[in-house]
Amino acid sequence: MIRDVLAKTVALVIALVVVGALAFASPLPKDVRVLLQNIEVYIAIYGIYVISLNLEVGYLGLPQFGKVMFLLIGAIAVGGIATKLVLLIYQNAIFKAMGAYPLAKISDYCMYYQYSVTSLVNQMLAQNPALGLGYFLFGVALAMVLSAGLGVLFAYPAIRLREDYLGILLLVSGEFLRVVTYYATPVACGVNGAVIPDPFAWALGETRTLVYFIATSAFLIATFLVFDAIGNSPFGRALRAIRDSETAAAVFGKDIVKFRIRVLAFASAFAGLAGALLAYYFDYTILGTYLPIYTFIGWTMLILGGLGNNVGAIVGVVVYYIVQTLLDIYKNSLQAVLHADPTYLAYAIFGLAIILVLMYRPQGIVPEKPVKTIDLNKVRERIQRKIK
Amino acid sequence: MASKTLWIAVAVVVVVVVAAIAALVYKPSAPAAPTTSSAPSASTSTTQATPTSTTAASVKTVTIGALLPLTGSLQFMGVSGQCAIQLAVQDANQMFASKGIQFQLVVQDSACDPTAALQKLQTLYSQGIRFVAGLTCSSELSAVKNFAEQNHILITSISTSPLLAVPKPYIFRLPPTDNAQAKVLAALYHMLGIKRVVIVYRADAWGQGLTQAIINETKKYGIQVVGAFGYDPSPSAMPAAEQAAVQKASAALGTPGPDAAFEIISFDQDGAAVVQAAMNDPVLSKVRWFGTDSNVYGTAIMQAGGQALAAAKFMGAVASPNPDDPHYLHFANEFKKFCGHAPTGYDPYYYDTAMIIMEAIAETGSTDPTVINSVLEQWGKNGTYVGATGPVYFDQYHDRQYASYLIVGVVIVNGTPTWINAGFYNGTTGQITVFPQGQALFSS
Amino acid sequence: MLEIKGIVKQFGAFRALDGVDMTIERGKVTLLIGPNGSGKTTLINVVTGVYKPEAGRVYFHDDGKTLDITGWPPHKVFAQGIVRTFQIPQIFQKLTVMENLLAVARGQAGEGVLNAMREGRWAKQEEELAERAFEILDLVGLGDVWDRYAYSLSAGQMKLLELARALMAGAKLIILDEPIAGIPIAQAHAIFQTIRDVNAKGVTFWVVEHRIDIAFKYVDYVYAMASGRVISQGAPDAVAKDPKVIESYIGG
């Protein structure tokens, strides 16, 4: 029911405002606030990523083992395409200052001039926030469109096959795309990585982080609203029916292929959005680092939080980051007690935590709830009155 | 009608966030229990070196961070580098005990992943750490550059990518960029009468950058690079990727000859695969071979084809002080005792990334990164700091300059192929001196 | 209504269906009997598109037209008005009983991804579907557990849920695969009575059932299968006396 979804969304907004206030306008020490600010941005971005994964895994039961592919596509859209567009827009100014067009010899640009060109571009973008915003939205939109299209395209050969084949195909596709784009310099400066102009170049220091916090939070809220609305609808119910018994769902008229395509396109678009935000926020991207581990980090967050529940998806991300950060900070003290190498100890503790969750709370921190479309209790009462 | 669990979820989040912040803000009044470091030697405890003559009140504890690839593809560098940095901290605590400064080390794993590197740097920052040594990958440096600059975190790195030869306040790179190494290799080719070079390189940022730099530098001597072939350096592609690149290189070179050379731009393990492919090649096995700072002294490459390396008069250049430099000898000696193996490749640089920071802090008594930044700039102009890698000069981009290089090669000693120091490239004069034991390598 | 001609289905070397011919008359309740492994469920799977046959055709006669639905995917067979239940209940485990019914309703506007976000497009339909679902649940006796998760039902209740779901799907032909297996006698009679009631409203039934003592009282026509072939057919009384049927049951 949309009212229910809205209430949850309002709660999310309140939570974001509270933690935002803590991070940006509270008497906490500056170094703690800086950490909080950045973690909040990561949580917002990964929140989008995991909510979209939830639609595939939690609702449809699709083994999406290639999720990182869409962070990669987001990075390509921003670092490979939108960046070049800005360079193109400013190419005459760059030529005047540096004596060369940046895109004329891409390998030299990638290897030597990215930083000097980008700092020039950033100065100009700082004077032109409107263009910056346009460039930001262009990158985001492009990431979504490309992800939706490529998500379906890569899954297509196995879309009619059993789920496990599809999962393997997606895993391989992600690696394929990563390796190919990483070693192709023209895509996003290949092994050098692409330096990305800052769309909010006018905002400096903490203001920049605040702008990104607001932007990523806004996208997170929108994503939650959209995904929870479609989750609590006949569509979401059909997905869960397919998840629970594909044969029965097919026999009862659900076109499995069509649902898979819709879900892949839709969820991939939002994962691409997360990828684009990540690239803009880091203002640097190197495609070789989009390893399958990021797929499984997403899965970890989702399983921790609760499969099939969008609130759980966000909670999983929050818990993951808190545990990770606390482990990073306190692992050295732990080491004094446990006498083990702190680096590997931190990984081991994380692994153990996940195993414990799976053993004792397999449904996650926030378990799945029945789909809420309309108030069924009211219908029930009405019918019983009619009978009497 | 909001569900009850929703509010519970919100409450849980709020409580967890508050708890996390409380945990962050809470700083134990006394320094944490003496940290026994994970180094093989028990003597690494950072508090152990405190001289008893200094009263506790006058000892100032400074915690520095290290961000190293302890997992992932560059783990072998990071683990060794961690030991070098731990050694530096131990040394510093002995050297500067009289100044009432104690150094502590916090190590984080960056996995050579830019995303992880930035997150870990932010964690270090929240712990009040403003000095971070040992950043290894250029991609990590790119990712943390703005954060370090904005929040005034002084970072020392062993990245060598020419891409980062740009203004970068608060970031210093201890090894020279790959342009400098390319200059040495070009001078070496020229000295040996090489006119045609074919290159096989690992297709990462380092390999690609060095290859491009060699192409640029050799032009100055009229040497022609007839082809450069990259291979995917990930272990899963080994050895097929290396073999394919070697085959292409052989075809590009066409005919062997005294004017021809084969340049192997690799690390140790992948270099071994290249050597194995090249030693039976009819063309490449008949020309001189050259290496890089990342494969000379390698054990895998030596095992794979020591005889072939010696036959091909394999030589490479390592940025290094003169091997007879007492500073380096001292470091090498200590490192072997402390870490259990001889220092390789970047170990002396890792040592210096930490030591230069600690020395600057100890000498000035300041823990303000901005102050240390200008101190290092000043030192870099004058070559004030002399460490395991010799005197350190920085250029206007905070990158190492005037680095001297050791020419390292393979000869047969008592029937066994052995790494020897064959010559020395003086960074200031650009002259190559051949050592007596290296004569055979330089003869035609 | 349904015409099955020469269906052959092979699993490796095993020929599960060996040229089956069968006709399901419109408006009737047709029973299919046969010992275990005689190919009854395989035949249903072929008709509903779960399996593709090696040979033979399946024709569906409706609205004066004849469609060759051989090898059609399940959702298209469903679209023609054919639904089925499963011998081993294939309910949607983590959905509630109510959701199990709502999920299978035909022609839902809210199943498009864009419509799903606009509650106005489907809320009214949803209300109507919910009302019908409650009626069906009350009819089969699951009214009191409508908001329970399906996995928490007893085996018998799951059978009833299968039936309720088939009724909910608004079909012209309902194929029931062992609807009363494991159900107490009184309730089993009630289920067949329900089948007859619904049948009286014009829905054709094709029932596979072992418990012929109960089933024969409610059906119009009987097919008997053994080893992938039809061995007997006719009115219940006639088939019951057919020595081939008796032999296959005793021997098989």
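Quick caveat, the model's predicted, so the values are computed rather than measured. The chains referred to below are lettered A, B, ... by the order of the sequence lines, with proteins before strands, and numbering in each begins at 1.
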Please determine if C/E126 and C/R121 form a salt bridge, counting it only when a charged side-chain N lies under 4.0 Å from a carboxylate O.
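No.
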Could you check, using the six-membered ring where one of them is a Trp, whether A/F227 and A/F270 have ring centers closer than 6.0 angstrom?
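Yes, they do, as the ring centres are separated by less than 6.0 Å.
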Could you check, using the six-membered ring where one of them is a Trp, whether C/F11 and C/F14 have ring centers closer than 6.0 angstrom?
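No, the ring centres sit 6.0 Å or more apart.
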Under 4.5 Å from any heavy atom of chain A, what part of [X] do you find: side chain, backbone, both or neither?
X      : answer
C/I91  : backbone
C/A133 : neither
C/R106 : neither
C/M117 : both
C/Y151 : neither
C/V104 : both
C/Q108 : side chain

Pick from [options]: which one has the most heavy-atom pairs with chain A under 4.5 Å?
options                        : answer
C/V50, C/I82, C/L102           : C/L102
C/G143, C/A123, C/A105, C/A171 : C/G143
C/M98, C/Q125, C/R165          : C/R165
C/A79, C/A169, C/G112          : C/G112
C/E135, C/K76, C/Q93, C/R118   : C/Q93

Evaluate salt bridge (Lys or Arg N to Asp or Glu O under 4.0 Å) for A/E368 paired with A/R243, printing each intermediate quantity in order.
CA-CA 13 Å; A/E368 183 176 321; A/R243 175 198 66 189; 2.9 Å; yes
So [Y] and [X], do their side chains get closer than 4.5 Å, heavy atoms only?
X      : Y      : answer
A/W299 : A/L53  : yes
A/V317 : A/I51  : no
C/I33  : C/Y223 : no
A/L358 : A/I354 : yes
C/K159 : C/P179 : no

So which of [options] has the largest heavy-atom pair count under 4.5 angstrom toward chain C?
options                        : result
A/A229, A/A265, A/G253, A/A249 : A/G253
A/F235, A/F266, A/F259         : A/F235
A/D255, A/I230, A/L239         : A/D255

Less than 4.5 Å to any heavy atom of chain C: does that hold for the side chain of A/R262, its backbone, both, or neither?
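Only the side chain of A/R262 comes within 4.5 Å of chain C.
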Can you say whether A/N377 sits under 4.5 Å from chain C via the side chain, the backbone, both, or neither, judging by heavy atoms?
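Its backbone and side chain both get close to chain C.
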Inter-residue atom distance A/M144.CE - A/L142.CG, 0.5 Å rounding
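It comes to 11.5 Å.
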Can you spot which of C/K40, C/R84, C/K52 makes a side-chain hydrogen bond (donor to acceptor under 3.5 Å, both in side chains) with C/N45?
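When C/K40, C/R84, C/K52 are each tested with C/N45, the side-chain hydrogen bond (donor to acceptor under 3.5 Å, both in side chains) holds only for C/R84.
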